[in-house]
J.: 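Quick one: the structure is below, and I'll ask about it shortly.
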Amino acid sequence: QDCDNLASISIPELCKEVESSAIYNCKNLSSIHIGKSLEKFESMNGNLCPVLKAITADASNTNFASVNGVLYSKDMSVLYKYPSGKTESSFEIPSSVKNIDDYAFSNTSLENITLPNGLEAINTGAFDRCKSLLSVEIPQTIKEIGMFAFQNCAKITNVVIPDKVKELKSFAFGYCVNLRDVNIGASVGEIDGSAFSGCASLQSFIVSKDNNVYTAEGGILYSKDLTRLIRCPLALYSDEMILGDEVLVIESNAFQNCKNIKKFKLPEGLREIGSSAFDRCTMEAIAVPNTVEKIGMFAFQNCTNLKNFSIPNATEEIPTFMLAYCDSLEYLFIHSNVKSIDSYAFSRAKKLNTIECWIDNVNDLDMTAGYNGEYTAFKDIKEDCTWHVPEGCTEAYKSQPWWVSTWRIIDDLTTGIDNITTLGALTIEIVNGNLLISSDKSTVIRIYGTDGTIKKSVALGQGETVQIDLPRGIYIIGGKKIVLR
């Protein structure tokens with residue numbers, strides 16, 4: 001390994017095994033010869049050997065054969081290694097081959113590869129970093145596609161997954177940056193959340209009508225019953241992504257790196273948001289329904305345009321890095337049902353200057369400390385961040401081991417309006433966190449924030465009712481404090 005001056009190597013005749021990566025990253029290695037007794041030539045051998053042109057085998061070896069410098073099993077059913085220094089632009093895999101071994105074609109410069117009918121398995125990293133490969137037609141006989149199998153095949157534009165494939169494993173097509181369309185066969189029943197990570201040009205998923213597990217709507221991958229949103233293509237553009245009422249779960253990585261969606265509308269009834277589900281998205285705001293019970297770690301990490309966020313009422317545990325690195329986040333609402341906050345949950349939200357926390361028994365809050373005893377959930381937020389807390393709770397908050405002395409605190413949170421109140425000609429109603437205002441006469445409603453700035457100004461006709469969309473928080477209408485939870 002890492003022998004830059006090595007030009008050739010011959011495996012001794014008594015050697016029975018070459019372990020994985022034993023011959024690796026040898027920049028000037030041009031040939032490998034396998035002796036007659038070798039039984040195992042493990043994966044990764046010959047990788048990152050850019051001028052390797054031939055792997056030959058002793059004719060009397062009963063386990064390996066070499067044809068034109070390509071290493072096979074003796075019966076030609078397994079292709080072990082195509083040397084990455086070979087200069088041909090095209091290669092046709094023999095019809096006898098059933099199995100392409102781990103990293104067999106990794107880092108080769110081939111533009112065209114013909115896979116034979118009868119091929120059954122494409123193993124881990126088999127075509128990893130084949131950056132010149134223009135296209136690939138996967139035979140219908142394929143039953144298995146391994147992890148990283150086609151990762152970083154930068155020129156592939158479309159893929160058809162055969163009907164016999166049951167699983168798409170992690171990063172199977174990861175970072176295929178020009179991949180636009182994926183057709184998923186009838187038997188695929190499990191798709192890893194990272195299978196298409198980094199596919200920046202991916203526009204749509206298409207699923208066989210005979211698939212009993214998955215379907216696609218508008219190019220987005222769902223479970224067959226539409227209750228689970230699996231993956232949104234990275235190149236899908238939308239001014240507003242409106243999810244159907246059927247959706248109960250947004251799976252891990254579902255919208256990760258979807259930078260072309262300006263706004264999301266999530267359905268009431270949504271129950272779960274998976275890990276990294278919205279990681280690195282670019283929306284400025286997102287209203288997470290109060291029905292969401294579980295949010296995964298990293299769920300909204302690196303949403304650098306997000307300005308405000310409200311923890312849903314049903315969510316009791318805040319996971320690690322949930323809103324970390326949200327550089328524009330200024331306002332955070334934490335409801336009274338939250339029982340635990342994990343490390344780095346809101347860390348490095350450098351503009352976070354207002355936290356509205358309704359937890360009245362803060363002594364019972366489980367705030368995770370690191371191995372060195374440091375509390376990092378709010379690490380590196382604004383040093384003069386203002387906390388609004390329930391009346392009478394100032395000292396309880398300031399006595400917590402995680403409290404930072406430079407933070408400001410105001411104990412001004414009271415019950416607010418739960419149902420209906422009347423202010424002169426106005427009737428104000430809060431239904432499921434939504435503000436409904438009606439008036440007996442024509443008027444202009446001005447809604448103020450607690451800092452005195454006008455948040456919204458709405459003209460209302462006589463007898464008219466309007467729904468006003470506002471983030472959760474405290475507002476002033478007609479001199480009355482209104483709390484949207």
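In this chain, numbering begins with 1 at the start of the sequence shown.
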J.: Under a 4.0 Å threshold between the charged nitrogen and the carboxylate oxygen, would E120 count as salt-bridged to K164?
T.: no
J.: For a side chain to side chain donor-acceptor pair (under 3.5 Å) with K81, tell me which candidate from D101, N45, N47 qualifies.
T.: N47
J.: Nearest 0.5 Å, what's the OG-CG distance between S197 and D279?
T.: 10.0 Å
J.: Just jot down the side chain to side chain donor-acceptor pair (under 3.5 Å) partners of E464, sequence neighbours excluded, or say none.
T.: none
J.: Show your reasoning for whether side chain to side chain contact (heavy atoms under 4.5 Å, CB included) applies to F196 and N253.
T.: CA-CA 10 Å; F196 298 97; N253 309 104; over 6 Å; no
J.: Do I138 and F150 have side-chain heavy atoms sitting under 4.5 Å apart?
T.: yes
J.: Answer whether the closest heavy-atom distance between the side chains of D384 and R408 falls below 4.5 Å.
T.: yes
J.: Evaluate the side-chain proximity of I447 to I468: yes if any heavy-atom separation is below 4.5 Å, no if none is.
T.: yes
J.: Given side chain to side chain contact (heavy atoms under 4.5 Å, CB included), test L248 with L270 step by step and report yes or no.
T.: CA-CA 4 Å; L248 301 177; L270 185 68; 5.6 Å; no
J.: Listed by chain and number, what are the side chain to side chain donor-acceptor pair (under 3.5 Å) partners of R228, not counting sequence neighbours?
T.: E251
J.: Side chains of H335 and N313 only: does a donor on one sit below 3.5 Å from an acceptor on the other?
T.: no
J.: With sequence neighbours left out, what residues match F346 under ring-ring contact (aromatic ring centres under 6.0 Å, His included)?
T.: F378
J.: Can you establish whether the number of heavy atoms outside M147 located under 6.0 Å from its atom CE is more than 12?
T.: no
J.: Atom NZ of residue position K307 - does it have more than 12 heavy atoms of other residues, nucleotides or ligands inside 6.0 Å?
T.: no
J.: Working to the nearest 0.5 angstrom, can you tell me the gap between K155 NZ and C176 SG?
T.: 13.5 Å
J.: Determine yes or no for a side-chain-to-main-chain donor-acceptor pair under 3.5 angstrom, with N211 supplying the side chain and V188 the backbone.
T.: yes
J.: Is there a side-chain contact between V213 and K224 (heavy atoms, below 4.5 Å)?
T.: no
J.: Check whether K169 reaches the backbone of I145 with its side chain - one donor and one acceptor, N or O, closer than 3.5 Å.
T.: no
J.: Are any of the side-chain nitrogens in E293 or R271 under 4.0 Å away from the carboxylate oxygens of its partner?
T.: no
J.: Does D102 use its side chain to pair, donor to acceptor, with the backbone of S43 at less than 3.5 Å?
T.: no
J.: Show, in sequence, the C-alpha distance, side-chain angles and deciding distance for T386 and W407, and conclude whether the side chain to side chain contact (heavy atoms under 4.5 Å, CB included) test is met.
T.: CA-CA 6 Å; T386 298; W407 290 341; over 6 Å; no
J.: So that I can tick it off, tell me whether R348 and D380 are bridged by a salt bridge, with the cut-off set at under 4.0 angstrom between side-chain N and carboxylate O.
T.: yes
J.: Apply side chain to side chain donor-acceptor pair (under 3.5 Å) to the pair E268 and N290, showing each step before the final yes or no.
T.: CA-CA 8 Å; E268 292 295 334; N290 281 323; over 6 Å; no
J.: Looking at E383, I'd like to know if its CD atom is crowded, meaning that more than 12 non-hydrogen atoms belonging to other residues, nucleotides or ligands lie closer than 6.0 Å.
T.: no
J.: Please tell me if the side chains of E284 and L306 come closer than 4.5 Å, counting only heavy atoms from C-beta onward.
T.: no
J.: Evaluate the side chain to side chain contact (heavy atoms under 4.5 Å, CB included) criterion for residues V249 and T227: first the C-alpha distance (whole Å), next the side-chain angles of each, then the deciding distance (0.1 Å), finally the verdict.
T.: CA-CA 6 Å; V249 177; T227 61; over 6 Å; no
J.: Apply side chain to side chain donor-acceptor pair (under 3.5 Å) to residues D2 and N25 and explain how you reach the verdict.
T.: CA-CA 5 Å; D2 301 323; N25 195 33; 2.6 Å; yes
J.: Are any side-chain N or O atoms of T427 and backbone N or O atoms of S438, one a donor and one an acceptor, separated by less than 3.5 Å?
T.: no
J.: Does K131 have any side chain to side chain donor-acceptor pair (under 3.5 Å) partners at least two apart in sequence or in another chain, and if so, which?
T.: none
J.: Do you know which of D366, L365, T315 makes side-chain contact (heavy atoms from CB on, under 4.5 Å) with V338?
T.: L365
J.: Evaluate the side-chain proximity of L332 to N308: yes if any heavy-atom separation is below 4.5 Å, no if none is.
T.: no
J.: Check K262 with D239, please: is the shortest side-chain N to carboxylate O separation under 4.0 Å?
T.: yes
J.: Determine yes or no for a side-chain-to-main-chain donor-acceptor pair under 3.5 angstrom, with T376 supplying the side chain and Y344 the backbone.
T.: yes
J.: Inspect the surroundings of CD in Q400 and state if more than 12 heavy atoms from other residues, nucleotides or ligands are less than 6.0 Å away.
T.: yes
J.: Do I220 and F205 touch side chain to side chain, with heavy atoms closer than 4.5 Å?
T.: no
J.: So, using side-chain contact (heavy atoms from CB on, under 4.5 Å) as the criterion, who are the partners of A235 when residues are at least two apart?
T.: Q203
J.: Between CD1 of I410 and OG1 of T354, what distance do you get to the nearest 0.5 Å?
T.: 8.5 Å
J.: Donor-acceptor check, side chain of Y214 to backbone of I191, threshold 3.5 angstrom: yes or no?
T.: yes
J.: Rounded to the nearest 0.5 Å, what separates atom CZ in F105 from atom CG in L133?
T.: 10.0 Å
J.: Is it true that E374 and K379 make a salt bridge, defined as a side-chain N closer than 4.0 Å to a carboxylate O?
T.: yes
J.: Counting only heavy atoms not in E272, do more than 12 sit closer than 6.0 Å to its CD atom?
T.: yes
J.: Heavy-atom count check: over 12 atoms from other residues, nucleotides or ligands less than 6.0 Å from K350 NZ?
T.: no
J.: Inspect the surroundings of NZ in K166 and state if more than 12 heavy atoms from other residues, nucleotides or ligands are less than 6.0 Å away.
T.: no
J.: Quick one, K263 and M283 - any side-chain contact, counting heavy atoms below 4.5 Å?
T.: no
J.: So, taking the atom named OG1 in T368 and the one named CH2 in W402, what distance separates them when rounded to the nearest 0.5 Å?
T.: 12.5 Å
J.: Rounded at 0.5 Å granularity, tell me how far CE in M322 sits from OG in S276.
T.: 12.5 Å
J.: Going through the checks in order, is the ring-ring contact (aromatic ring centres under 6.0 Å, His included) test met by W358 and W387?
T.: CA-CA 10 Å; W358 284 81; W387 286 65; over 10 Å; no
J.: Hey, is the main chain of I261 close enough, under 3.5 Å, to the side chain of S238 for a donor-acceptor pair?
T.: no
J.: Quick one, S204 with D181, criterion side chain to side chain donor-acceptor pair (under 3.5 Å). Give me CA distance, side-chain angles, the key distance, then yes/no.
T.: CA-CA 5 Å; S204 68; D181 302 294; 2.9 Å; yes
J.: Under the side chain to side chain donor-acceptor pair (under 3.5 Å) rule, collect the residues that match up with T394, sequence neighbours excluded.
T.: D411
J.: Begin with the C-alpha distance, continue with both residues' side-chain angles, and end with the deciding distance and a verdict on ring-ring contact (aromatic ring centres under 6.0 Å, His included) for F127 and F148.
T.: CA-CA 8 Å; F127 296 95; F148 314 108; over 10 Å; no
J.: Taking Q462's backbone N and O only, do any of them form a donor-acceptor pair with S439's side chain (distance below 3.5 Å, no angle check)?
T.: no
J.: With a sphere of 6.0 Å drawn around CE of M44, does it hold more than 12 non-hydrogen atoms of other residues, nucleotides or ligands?
T.: yes
